[in-house]
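Note sheet for the following structure.
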Amino acid sequence: AASELALSRRQSVYLVGGIVRDLILRTPNFDIDLVVEGDAQPFANALAEQLAGRLRFHERFKTGVIILPDGLRIDVASSRNEYYESPGALPSVTVGSIKRDLYRRDFSINAMAVSLNTFELLDFFGGVQDIRDRKVRVLHNLSFIEDPTRMFRAVRFEQRYEFDIGDQTLKLLRRARDLDLLQHISSQRIYDELRHMLNEEYPSRHIARLFELDLLRSLHSSMGFDRKTLELVSSMEDLLVVSDFLRMEDLRRDVLYLAILLRSLKPEQIIDIPLLQELSRRDRQLIALGFSRSAELLQCIHSEGKLWRKLRLVSQYENDIILLAMVRSNSQQRSWHFLRDYLRSYANTLPILRGDELIKMGVPEGPAVADALCMLQAYIVRRGNNRPDRDEEELFV
Ligand code: ATP
């Protein structure tokens, strides 16, 4: 549709950035980025109408987002030539050509476009060759100085695709790192990049590389990466890779990993970290207290024999704390299995009765109601699982 519209409106329109890179790499990517030569707004309006999508357009930046009925996003921008008034400032926008638009991008692999008028691949800076050579390469010597967040982006693409940062690019990155430029960048922009990294499938690789390049400390002076941290981060990765059983849509991976990375700090130190000010209070609390609360949870379930009482205990903790507790405990241990079973089935079992119904049946109001509900839940799950009920006597005794 975008291509037909480009032809009928006689306007040059390009597919750009990450999706072109991922098409060449044959990696799935559903972030569609379009650049329209000239004013993007009328084109975006027409495309949104044709696809029955909703358009939000940002007049100042001349960019818009179309949200399609199935949730797919199409970003539409005017080809532009950004110049930075000072490092880290918001870019000003003037309308320019597609080549200049691509030149302001971070790496050659991200600076390619496909014309939707001719379906030609535009690769002015050797992106295809760099994909072949598995290299992350900046487009010019001042790239990291112009935008120091690209240091994190270089690591992210390098680690995600198992590429290497090119030799010259690595030299430039180290030089920019030594200039301490991140202090001029807003916490929000830095956190955005960090969040992207921590939401990657294997963040341990990204964190290890940041550590090796001495970039981890630029995020916070006490962010180190020792053996124990690597172990914890890796077991969280393992857990989240098989997380289909967790059914947790609202899981915040970045927050879980930060709770591990910053576990040696005191809660009051964590709450004040400028980088984390963009997060909600709840997320900051989780980073500050999550690790110690997970220890408390493990302690409690160790010292509790009856299944229904364990269930009652765990149900008072958020899923994130339960995951952190699993990461702390060894996968051979009973508590690890209990917590996995809890997340897999107990937490998702609908109670056959509600508290008010039990009260009507004569259970005295108060903690006895919650106790009874947990007993019922434990009983139903055990019965439903069809497995030897060696623990059954633990239920009610
Ligand atoms: P991902 O697959 O992680 O979404 P992406 O390449 O789509 O990767 P985005 O951060 O969504 O990354 O950015 C989209 C495109 O915008 C990039 O491919 C790149 O061309 C450009 N870009 C993004 N951030 C920068 C930056 N800081 N400096 C220069 N260009 C950037």
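Numbers for residues simply follow the sequence, beginning at 1. When a ligand or atom number is given, it counts from 1 through the structure's own listing order.
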note = The atoms of ligand 1 lying under 4.0 Å from a heavy atom of Gly18, numbered in the order shown, are 6 (O), 7 (O), 18 (O)

ask   = So is Arg105 polar-close to ligand 1, meaning N/O to N/O under 3.5 Å?
value = yes

message = If you take the nearest heavy atom of each of Glu146, Arg153, His196, which one is closest to atom 10 (O) of ligand 1?
response = Arg153

key: Working for side chain to side chain donor-acceptor pair (under 3.5 Å), residues Arg284 and Gln277   = CA-CA 8 Å; Arg284 266 183 298 152; Gln277 299 312 309; 3.1 Å; yes

key: Contact summary for Glu237 and Ser204, nearest pair of heavy atoms   = OE2-N, 2.6 Å

query = Considering only heavy atoms of Gly17, which atoms of ligand 1 have at least one such atom less than 4.0 Å away?
reply = 18 (O)

message = Salt bridge check, Asp254 against Arg252: does any charged N sit closer than 4.0 Å to a carboxylate O?
response = yes

query = Does CD in Glu365 sit with more than 12 non-hydrogen atoms of other residues, nucleotides or ligands closer than 6.0 Å?
reply = no

remark   = Note: ligand 1 atoms sitting under 4.0 Å from heavy atoms of Arg156 are 3 (O)

task = Please test Asp133 against Asp164 for side chain to side chain contact (heavy atoms under 4.5 Å, CB included), starting from the C-alpha separation and ending with a verdict.
result = CA-CA 9 Å; Asp133 298 343; Asp164 284 312; over 6 Å; no

inquiry  = On a heavy-atom basis, which atom in Pro267 and which in Leu289 lie closest, and how many Å separate them?
reply    = CG-CD2, 3.8 Å

request  = May I ask you to list the atoms of ligand 1 that are less than 4.0 angstrom from any heavy atom of Arg160?
outcome  = 1 (P), 2 (O), 3 (O)

Asp147: numbered ligand 1 atoms lying under 4.0 Å from its heavy atoms = 26 (C), 27 (N), 28 (N)

task = Under 4.0 Å from a heavy atom of Asp31: give me the atoms of ligand 1 that qualify, with their elements.
result = 4 (O)

key: Geometric N/O contact Arg21 with ligand 1, under 3.5 angstrom   = yes

query = Between Glu200 and ligand 1, does any nitrogen or oxygen pair lie at a separation below 3.5 Å?
reply = no

request  = Go through Leu23 and Leu15 one step at a time and tell me if the side chain to side chain contact (heavy atoms under 4.5 Å, CB included) criterion holds.
outcome  = CA-CA 11 Å; Leu23 279 170; Leu15 189 66; 4.0 Å; yes

query = Hey, is Phe157 one of the residues with a heavy atom under 4.0 angstrom from ligand 1?
reply = yes

ask   = For Val233, which of Val327, Leu198, Leu256, Ile260 qualifies under side chain to side chain contact (heavy atoms under 4.5 Å, CB included)?
value = Ile260

remark   = Taking only non-hydrogen atoms of Arg104 and a 4.0 Å limit, the atoms of ligand 1 in range are 29 (C)

